[in-house]
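Residues take their numbers from the sequence shown, with the count starting at 1.
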Amino acid sequence: FTTHVHRGIAIEVGPRGSEVSMDLLYDSCVNLLEFISKKIYPSELLLRKKKFLKVVGFLSKEDEKKFGVSELENFKKININGEEYYPIMVGSYGVAAYLTTEVSWYDLLSHDSILLDSSN
């Protein structure tokens with residue numbers, strides 16, 4: 001699905017298959033859909049306290065050696081060529097990690113490719 005849309009929301013929970021994780025995932029999805037349907041958006045103050053990450057690429061296992069980043073950990077900041085990244089899904093899907101950068105909530109919502117229907 002995510003290969004066909006420009007924007008999406010990823011909710012990561014774990015451990016995979018645990019009842020607690022599935023309940024948390026279900027509750028998060030239901031709450032999100034209720035907020036959207038009622039046009040209830042989090043306050044700016046609440047959003048300022050959160051960290052938002054945007055996936056910008058991936059780090060191959062070869063690049064991991066090339067750039068001298070080792071012992072990658074999910075969400076532990078790294079530096080590659082003067083740029084800061086937060087690796088996620090370390091060791092998954094045949095890559096060393098997916099690379100994310102921190103962005104503000106406003107930047108996430110202000111891109112032209114996001115479609116917001118405010119007519120209803």
Do the side chains of [X] and [Y] join up, straight or via other hydrophobic residues, at under 4.5 Å, putting them in one cluster?
| X | Y | result |
| --- | --- | --- |
| Tyr93 | Tyr86 | yes |
| Val95 | Phe75 | yes |
| Leu72 | Val56 | yes |

Can you see which heavy atom on Ser60 is nearest to which on Ala96, and at what distance?
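Smallest heavy-atom distance, with atoms named: O-CB, 3.7 Å.
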Closest non-hydrogen atom pair between Glu73 and Val90, with its separation
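Nearest pair, atom of Glu73 first, then Val90: C-CG2, 3.8 Å.
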What do the steps show when you test Leu25 against Cys29 for side-chain contact (heavy atoms from CB on, under 4.5 Å), and what is the final call?
CA-CA 6 Å; Leu25 179 60; Cys29 291; 4.1 Å; yes
Name all residues meeting the side chain to side chain contact (heavy atoms under 4.5 Å, CB included) criterion together with Phe67; count only those two or more places apart in sequence or in a different chain, and write none if there are none.
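Phe67 satisfies side chain to side chain contact (heavy atoms under 4.5 Å, CB included) with Leu59, Asp63, Ile80, Asn81 once adjacent residues are dropped.
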Sub-4.5 Å side-chain heavy-atom contact between Val55 and Thr101
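In short, these two side chains do not touch, never coming nearer than 4.5 Å.
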Just so I know, are the side chains of Glu64 and Val69 near enough to count as touching, which here means a heavy-atom distance under 4.5 Å?
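In contact.
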side-chain contact (heavy atoms from CB on, under 4.5 Å) for Leu99 and Phe58? Distances and angles first, verdict last.
CA-CA 5 Å; Leu99 298 176; Phe58 67 91; 5.7 Å; no
How long is the span from the CD atom in Glu19 to the CG atom in Leu24, to the nearest 0.5 Å?
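Separation between the atoms: 12.5 Å.
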If you measure from CD on Glu102 to CG on Leu53, what distance do you get to the nearest 0.5 Å?
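The distance works out to 6.5 Å.
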Co-members of Leu33 in a cluster of I, L, V, M, F, W and Y side chains, linked at under 4.5 Å:
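ILVMFWY cluster around Leu33 holds nothing else.
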Glu84 backbone acceptor or donor facing Asn79 side chain under 3.5 Å:
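Checking the backbone N and O of Glu84 against the side chain of Asn79, no donor-acceptor pair under 3.5 Å is found.
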